[in-house]
Number of protein chains: 4
Amino acid sequence: MDGTKQQRRGNTRQRIQDVALELFAEQGYEKTSLREIAERLDVTKAALYYHFKTKEEILVSIFEDLARPIEGLIEWGKEQPQSLETKREIIRRYSEALAGASRLFRFMQENQATVKELRIGELFRTRMMGLRDILIDPKAELIDQVRCVSAMFTLHAGMFALNDIDADPEERRKAVLEVATDLITQAHEGMKAS
Amino acid sequence: MDGTKQQRRGNTRQRIQDVALELFAEQGYEKTSLREIAERLDVTKAALYYHFKTKEEILVSIFEDLARPIEGLIEWGKEQPQSLETKREIIRRYSEALAGASRLFRFMQENQATVKELRIGELFRTRMMGLRDILIDPKAELIDQVRCVSAMFTLHAGMFALNDIDADPEERRKAVLEVATDLITQAHEGMKAS
Amino acid sequence: MDGTKQQRRGNTRQRIQDVALELFAEQGYEKTSLREIAERLDVTKAALYYHFKTKEEILVSIFEDLARPIEGLIEWGKEQPQSLETKREIIRRYSEALAGASRLFRFMQENQATVKELRIGELFRTRMMGLRDILIDPKAELIDQVRCVSAMFTLHAGMFALNDIDADPEERRKAVLEVATDLITQAHEGMKAS
Amino acid sequence: MDGTKQQRRGNTRQRIQDVALELFAEQGYEKTSLREIAERLDVTKAALYYHFKTKEEILVSIFEDLARPIEGLIEWGKEQPQSLETKREIIRRYSEALAGASRLFRFMQENQATVKELRIGELFRTRMMGLRDILIDPKAELIDQVRCVSAMFTLHAGMFALNDIDADPEERRKAVLEVATDLITQAHEGMKAS
DNA sequence: TATGAATGAGGATTCATTCAT
DNA sequence: GATGAATGAATCCTCATTCAT
């Protein structure tokens, strides 16, 4: 695309990740072959194996790089008091994190069946449960738990399932965030009451 | 498993659909091979091709059979007044419909990337938009639209993303339905106000 | 095409041959499946097996029915004096026979590789050699033998290789016949001279 | 057969073409499976796909390599005056070219039905029409056009249809060439006269 | 840092054929 | 005189992966 072979020396690993994520998000993991990735980069398949041990490892490395902010977010959240303020802040930041790695999360959402069997499935699941445990007490009322999960799903879905609603993406994100915040707030109130 | 060859004559088509859906939902569409389906049924792959023209057709036929109730629901909804009562009734029935074909909808949710490229992608999309148009005026405030979509996603997600929350499935469904109803109600009120 | 199931009762065998030859000639023997033939006739594949033991048998039966006139021609030729007059008459009649079963002969020409392995390969070969032995003495000069074979090939090729030359088919056949006759005549003169 | 794995490194592509052509010519294109080709070469089917994208591509590559001389011949012929001398020279050279790639042309002749549907069908057709347009004016008398086409067919057929005439192959070729030259000559005279 | 050449396993699909009804 | 259901063998082709260079 943008450079001669000389210019791109040294950043092949990165370029592989970029192209791979683009294709994974577009067509799914299984339907994207290493041949395709290699062709787009104008290298051979074998070159991919110089940089990554397996196809799955490409995906894992992408996940590890892009999901790091969320890990940080959870770490941070765990140390805060479980106040409503904290929770609101968490999902605010989570929403931003999602927006910052939207291709990855779109991929995760659309390829759940695949991801489940892969190593990142476990990684992701763990993170999600970490998040949930910050947002809601596991002993809270069932309905409040549902509200929390619903909030999280709303954030996820908000990134791509709403493409047909025409609105400025940033505005849309704000609206999504507001709905999620409402849900979290209700869940929080519910807990206190009980 | 349960029958001799004689006994199962005449319902092979049905049995293929059953086993296929089970495997599709369990492992994903791409990862499920026709060999696998055939083996489970103790027939040859060629037998599958006697009943269905392609692998995709198996899936389509399953979808057409199981998603019919939803089609009816939408049809019905379109003829009702757009009152809050109608909307509540719609999502109540929708929730039931989902529960009645949960394996299919779990499959749809977890294999979005795959489904997108397949014929059922379009079919499903159309139905969803039909539903949405009953629940919310396309000219409503952005946030109310988000609430509606959020409600729908909550219903979907409620079926399988909540497996780790231990609760009686039917109770869980009720809780999910309540949250969704709340969202719809808020959206409805929002519309009236504006 | 032309009839209800009732009307076509009793002539299915014939209809199979017709459709089969049409498809064989159009797409080749290997590329034509029994499914295709059955579909065009609106019967099942199994019905074909009621009338013919194998796919090859369909072809053989067609050949036997349509190539009969040529067999007669050869029989007749063998009993005539080997005069130029006889030879001319032979190829004149042969040209007519070809025109009368042009689809079959077009098929034979275009599917030589296939036909070679089939039973009709031998049948056809035998007939051709019978014809040749009438037209030329096996001990004649090499060049005269070539002329004879060339004449036969000209007749064959004339039926379909000349489709791009626009001319009335019957006129074309006449022209082809004339060229072939010339060749035979030359060959005959050559023989006498030696 | 003749070499260890080490020895044959680097010329696999070529060897595939050789074996493929041999089998295609012997048994026909459809009846020759890639498995068969691979087995003869003692490589896997996948190895074939490393060198050629499809089965058809193997054939196309063979054609392109072997039919090149004829292309040159046509090019040359187009620039010459349309004299009898030129025409004779053309078919003389054409006869040589055919002899030089006899397996390919035998294949083309015996697999016309197959070839028609393949890409090389068009390629071949174009070449043949190029040749014809050099040999005869499209507005010439019908019979003279037939003579030209007959000459070409005689050359083609002469390569394999005459196997049962026992004679030294080179002598046979000469005889065939002579007959074809006669036909061309007659056609040329005919044109001048009209 | 890469490539060229190859593999082994498996994919979906098609085919001619069979046979009980 | 035909069908419905099924089979076994084969097809082309694709994939992730390996390894010597």
Side-chain angles (χ1 to χ4, degrees), chain A residues 5 8-13 30-38 41-58, chain B residues 5-6 8-13 16 30-38 41-58, chain C residues 5 8-13 30-38 41-58, chain D residues 5-6 8-13 16 30-38 41-58:
Chain A
K5 288 219 172 187
R8 58 187 213 230
R9 202 202 262 140
N11 63 334
T12 304
R13 194 190 140 91
E30 330 254 5
K31 292 258 281 277
T32 302
S33 69
L34 295 185
R35 179 179 53 67
E36 217 174 340
I37 298 174
L41 290 166
D42 203 30
V43 295
T44 56
K45 270 183 292 173
L48 306 185
Y49 280 90
Y50 178 80
H51 293 282
F52 301 94
K53 266 217 285 285
T54 64
K55 183 184 182 186
E56 183 173 352
E57 253 236 337
I58 299 181
Chain B
K5 291 219 172 189
Q6 281 88 314
R8 59 186 214 231
R9 198 196 278 132
N11 62 332
T12 305
R13 193 190 142 94
I16 292 172
E30 331 254 6
K31 294 258 280 279
T32 301
S33 69
L34 295 185
R35 179 183 50 69
E36 218 174 341
I37 297 174
L41 290 166
D42 200 33
V43 294
T44 56
K45 272 179 291 169
L48 306 186
Y49 279 93
Y50 176 76
H51 293 282
F52 300 94
K53 267 215 284 283
T54 63
K55 185 184 179 184
E56 183 172 351
E57 251 233 341
I58 299 180
Chain C
K5 289 216 174 191
R8 59 188 213 228
R9 202 202 265 140
N11 62 334
T12 303
R13 192 189 143 92
E30 331 255 7
K31 294 258 282 280
T32 301
S33 69
L34 295 185
R35 179 181 51 68
E36 217 174 342
I37 297 174
L41 289 167
D42 202 30
V43 295
T44 56
K45 270 182 293 172
L48 306 185
Y49 279 90
Y50 177 80
H51 293 281
F52 299 95
K53 265 218 285 286
T54 65
K55 185 184 181 187
E56 184 173 350
E57 253 236 337
I58 300 180
Chain D
K5 290 217 172 187
Q6 280 88 312
R8 57 184 214 230
R9 197 195 278 132
N11 62 332
T12 305
R13 194 188 142 93
I16 292 171
E30 332 254 3
K31 291 260 280 279
T32 301
S33 71
L34 295 186
R35 180 182 51 68
E36 215 173 343
I37 297 175
L41 290 167
D42 199 32
V43 294
T44 55
K45 272 179 289 168
L48 306 185
Y49 280 94
Y50 176 76
H51 292 282
F52 299 94
K53 269 214 284 285
T54 62
K55 183 184 180 184
E56 182 172 351
E57 250 233 341
I58 299 180

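Within every chain, numbering begins at 1; the chains are lettered A, B, ... in the order of the sequence lines, protein sequences first and strands thereafter.
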[atom1] of [X] versus [atom2] of [N]: gap in Å, rounded?
X	N	atom1	atom2	value
B:I37	E:dG11	CD1	P	11 Å
B:D42	F:dA5	CG	P	18 Å
B:E30	F:dA16	CD	P	12 Å
A:E57	F:dT17	CD	C1'	14 Å
B:L34	E:dT14	CG	P	11 Å
B:I58	E:dG11	CD1	C1'	14 Å
A:K55	F:dT18	NZ	P	15 Å
C:K31	F:dC12	NZ	C1'	13 Å

Answer yes or no: does a side-chain N or O of [X] lie under 4.0 Å from OP1 or OP2 of [N]?
X	N	answer
D:S33	F:dT11	yes
C:R35	E:dC15	yes
D:T12	E:dA5	no

Quick check: closest heavy atoms across [X] and [Y], and the distance to 0.1 Å?
X	Y	value
A:A38	A:T44	CB-C, 3.8 Å
C:T54	C:Y49	CA-CE2, 4.2 Å
D:F52	D:I16	CE1-CG2, 3.7 Å
C:L48	C:L34	CD1-O, 3.6 Å
D:K31	C:E30	CG-OE2, 3.5 Å
C:K55	C:T32	NZ-O, 2.9 Å

### Message
Between D:R13 and C:E36, which residue's closest nucleotide on DNA chain E lies nearer the 5′ terminus?
### Response
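Between the two, 5'-proximity favours D:R13.
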### Flag, side chain of C:K45 to backbone of C:S33, donor-acceptor distance under 3.5 Å
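No, because the side chain of C:K45 does not come within donor-acceptor range (under 3.5 Å) of the backbone of C:S33.
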#### Entry: Consecutive Watson-Crick or G-U pairs in runs of at least 3, all under 3.5 Å, in which DNA chain F is involved
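Runs of three or more consecutive pairs: E:2-21 with F:2-21.
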### Message
Counting only heavy atoms and a strict 4.0 angstrom limit, can you tell me which residues of residues 44-54 of chain A come near DNA chain F?
### Response
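Of all residues in residues 44-54 of chain A, the ones placing a heavy atom under 4.0 Å from DNA chain F are A:K45, A:A46, A:Y49, A:T54.
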### Message
How long is the straight-line distance from CG of A:L41 back to OG1 of A:T12, given to the nearest 0.5 Å?
### Response
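Output value for this atom pair is 8.0 Å.
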